[in-house]
Structures are given as structure tokens and as C-alpha cells.
Amino acid sequence: VVRPAGVADVMAAVTFARDHDLLLAIKGGGHNVAGNALCDGGLVIDMSSMRAVHIDPRARTAYVEGGAQWGDFDHEAAAFNLVTTGGIISTTGVAGLTLGGGYGWLNAKFGAACDNVLAFDIVLANGTFVRASAEEHADLYWALKGGGGNFGVVTGFLFQLHPFSGQVLAGARFYPLEQGRDALEFYRNLTPTTSEHVIVYCALWINPATGTPASAIVFCHSGDPEEAEREMAPVRMFGDAELDIIAPMPYTAWQQAFNPLLPHGRSYYWKSLQFTELSDELLDTVARVALDKPTVNSFAIFEQLGAAYRSKGKRETAFWHRDARYQLVISGSWDDPTQQESCIAWARRMHDAASPFAMTNRNLNFTIVDENERTARVRAASGDNYDRLVQIKTKYDPGNVFRVNNNIRPST
């Protein structure tokens, strides 16, 4: 394991791995759900010491090192009332989320995380350092917006920031898990009416106050407080909630709200699917399978993908799946090793049951892919951008040095 202090160390580590034909893995924030941040019998570049975030309030930009987490980013940006789309867990790595596309509570307003990157600093497979932007290495700049870690070690990101009050009206209302089907239907009816300031989730998960299985409507409004209360009203009126924890709060606090429910040290097995619509049959299926979840911490969550996220053309960035309106994230989650088999089986059962209603799109940030299926899955996730990604991979990494990832294989 190499823990670089700066770019020079990264360049030396990449050169060493290449010269000695070592398997090479890149660890940014360390949040990767498929375990691609590590490898056995090879070399890991662990950038956890490179977490600096520098804000330029006049230019409204942030320069973020490759090991930073979104909590680091939010802390610095909030001091200047600036923001951009990040994840929904503060310990998520900036690099991994952004290189895979990335979305969060602000995606309806500011698009995907990758849409807000002005430049990438990257160490290539030959050990050299370049900056990729619209003006320099434009092909690489395009590929890094959704192409993952295939092209090099991104040591720094230059983000465009947006003015922001720093406050949100956010939280959740919780209901018994048995009312999950009703909550899903309410969610389906609500989401087409929301403004660019709103992202809504429907979670079949846990009541944090009682520790019992629950369904929940999760709401975040990032606009004017009076308008937020108006848009919140239907959520307040839905059902007889066991717990209501919707309140005004700092955006930075809301970004950390889910952290206790997804602690380090717990085991997780993830799947995801995307949808343009939520049919009755799909909602019936998800609600039914959720009732059989093997642990209270296992979950299925529908996440809303908003207008700005969908506004980019599919070919504008490497991030292909722009027409999805919803993503279903599934996780079998366990603390007791004896529960591993049942949790993995449940996540697969939920995924397989919902798949007939889903798009062919896959969010590779949430995908654990068997080696034999990887090329086909990456091709499907990349859509018509795949051939162009192969060309760029071949240009910048012809030896496939960077292959511990959702791999795009070079043509040579």
C-alpha cells in the first residue's frame, strides 16, 4: 500500500506498478461498494492523505484532492455559501462518486456531480501528469465524466460551485413496513409534481427511533423556506406517521443524516436498477419482497433523479443513463457473519424480481459484477458511448494498467 502525500508520489507509484507488472488498485474516499478500491497480491494507491479542499469564492470554484470525502467538500464550501451536487453520505469519496456520474439531493437543480467538473488533474498509465478540461485533452475530459477509474489516477478535481443559502427543509416521515405499498404509491404520485428544489426518496428500511422495520418518505427542499413548506404539505398530510423528523437544518447536517444507518464495519451487498416509470406491478413486487428482508438493516430505496440530471444529452458526457427518473438501490446488510448468505440471496431476489420492469441502464457505482459478466455489463451501462470510451482507453492506457474497476478494455 502506497499512501502518497502528493502528485509526485502518485506518479512514482504508478510507474513502479507498471514497471513491475503489478496489479494496481486506486483508493480515493474508500466508499466503493464493489471493493474495487483494493486488490490482493498487487499495489494499492491509497489517497486518504490527500483530502485538501480549496475554495475560490470569487471564481466560485473548488479544487478537491483525490482522497477527499464529500464531508470535507461540504464543510469548506458551506463557509462561503457555495455548493454543488454531492452524494447523500458524507463519507462517500468525491473521486469515485464523480467519476461514475454521481448524484445527490441537489441533482434536480445542478445535475450530476460530473456535470460540474471544470477540470481533472490525472496521472496516466505512463506515469505522466496532465490536466483534462474542455481546452486540454478534451477527449479524456469527456471520458472521465462517467467512465470511472479506467484512465488514470485523478489527483484533483476543479468543480464549478453555485450560490446556496446553506439551509434545507429535510427529513423523513416513517410508517410501518406493512404500509410500504401505500408509501410507494404516494411517492409515485408525488414525484412528477416536484420543483427543481426537491428530491424525494421512498425507503423500505428502518425506523431509527425504534429500530424496527419501516417504510419512509424522505424529503429534501433546497429552495425558499416558504415555498419549501408549501411543497412539503402533501408529505405532512400523508398517512399516520410513527415518526416525523422533517425540519429546517443546515445542508451539511442533512448530508450526514444517513451516516449512522450505514456505519463502517457493517457488511453490505448492493444492487441497483433504473426506471422511467413505476408501474403497479413493480410497486407490488418491491413492497412484497421487502416484507421478507432478512435483517432490519437491509433496505430497498427508490431515489428520484431530477430535471437537471436528465437535461444533458446522452453523448455530452460518458455518463450515459440520463433518461432514468428513478433508481432502486438494494442492499442486503448484516453485522452477524452467519447472516451473509441470506442477505445476499435477498438482495438478488429483490433485484431479479424488479428487473423485468427496469431499463437496461446500470449505475456502475452501485454494481458488483462477476468477472465473466463485466464487459457485457459495462458495455450496457455505457450505451452508445462504449466504442468511444474504448478508443480513449486505448489511447491513454493501452496496457490496461487501470483494470481493478468496472473495466473498459483497450482494443490493443
Side-chain angles (χ1 to χ4, degrees), residues 29-31 51-55 57 60 62 64 68-94 96-98 102-110 112-113 116 159 161-174 194-203 205-211 214 216-233 235-236 241-266 297 299 301 303-304 306 329:
H31 193 84
R51 292 177 61 168
V53 178
H54 300 286
I55 306 297
R60 292 178 180 168
V64 185
Q69 299 178 352
W70 281 104
D72 304 322
F73 183 109
D74 294 334
H75 175 72
E76 294 294 329
F80 301 95
N81 290 324
L82 296 169
V83 76
T84 200
T85 302
I88 66 168
I89 305 292
S90 70
T91 57
T92 301
V94 171
L97 181 128
T98 303
Y103 59 89
W105 301 113
L106 304 176
N107 79 76
K109 188 181 295 187
F110 302 129
N116 293 279
F159 283 92
L161 302 180
H162 309 275
F164 187 60
S165 70
Q167 295 292 310
V168 294
L169 179 64
R173 281 171 59 87
F174 295 87
T194 56
S195 72
E196 67 170 8
H197 305 294
V198 175
I199 288 293
V200 189
Y201 288 2
C202 186
W205 198 352
I206 186 174
N207 182 323
T210 63
I217 302 297
V218 187
F219 183 97
C220 177
H221 193 293
S222 56
D224 177 78
E226 291 187 6
E227 184 66 17
E229 289 290 350
R230 187 189 68 78
E231 288 207 65
M232 174 67 74
V235 179
R236 297 274 197 201
E242 298 178 318
L243 176 67
D244 184 333
I245 53 173
I246 299 172
M249 67 183 75
Y251 173 70
T252 51
W254 180 234
Q255 282 287 78
Q256 300 174 50
F258 281 79
N259 290 17
L261 297 179
L262 293 161
H264 289 295
R266 180 171 293 158
N297 293 309
F299 61 80
I301 302 176
E303 302 177 328
Q304 183 183 14
V329 176

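Quick caveat, the model's predicted, so the values are computed rather than measured.
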Does the side chain of [X] reach to within under 4.5 Å of the side chain of [Y], using non-hydrogen atoms?
X	Y	result
Phe219	Arg173	no
Val83	Phe110	yes
Thr92	Gln69	no
His162	Leu82	no
Ser195	His221	yes
Leu169	Met249	no
Val200	Val218	no
Phe299	Val329	yes

Please report the shortest heavy-atom distance between [X] and [Y], naming the atom on each side.
X	Y	answer
Ala108	Ile199	CB-CD1, 3.9 Å
Thr85	Gly104	CG2-N, 3.6 Å
Ile246	Gly171	CG1-C, 3.6 Å
Ala68	Val53	CB-CG2, 4.3 Å
Asn259	Ser90	ND2-OG, 2.5 Å
Trp105	Gly87	CD1-O, 4.4 Å

How many angstroms lie between [atom1] in [X] and [atom2] in [Y], if you round to the nearest 0.5 Å?
X	Y	atom1	atom2	value
Thr84	Asn116	OG1	CG	3.0 Å
Cys202	Ile217	SG	CD1	4.0 Å
Leu261	Asn297	CG	CG	7.5 Å
Ile89	Leu262	CD1	CG	4.5 Å
Tyr201	Ile88	OH	CD1	4.5 Å
Leu161	Asn81	CG	CG	11.5 Å

| field | For Ser222, the option from His197, Gln167, Lys109, Glu196 that meets side-chain hydrogen bond (donor to acceptor under 3.5 Å, both in side chains) | value |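 That would be Lys109; it is the only one of His197, Gln167, Lys109, Glu196 passing the side-chain hydrogen bond (donor to acceptor under 3.5 Å, both in side chains) with Ser222.
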
| task | Tell me, please, which residues at least two apart from Phe164 pass ring pair (Phe, Tyr, Trp, His ring centres under 6.0 Å). | result |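 By the ring pair (Phe, Tyr, Trp, His ring centres under 6.0 Å) rule, Phe164 matches Tyr251.
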
| said: According to ring pair (Phe, Tyr, Trp, His ring centres under 6.0 Å), who are the partners of Phe73, at least two apart in sequence or on a separate chain? | reply: Trp70, Phe159

| Under 3.5 Å, is there a donor-acceptor pair linking the side chains of Gln304 and Thr194? |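 Side chains of Gln304 and Thr194: pair found under 3.5 Å.
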
| said: Is a donor from one side chain sitting under 3.5 angstrom from an acceptor on the other, for Asp74 and Thr252? | reply: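 Side chains of Asp74 and Thr252: no pair found under 3.5 Å.
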
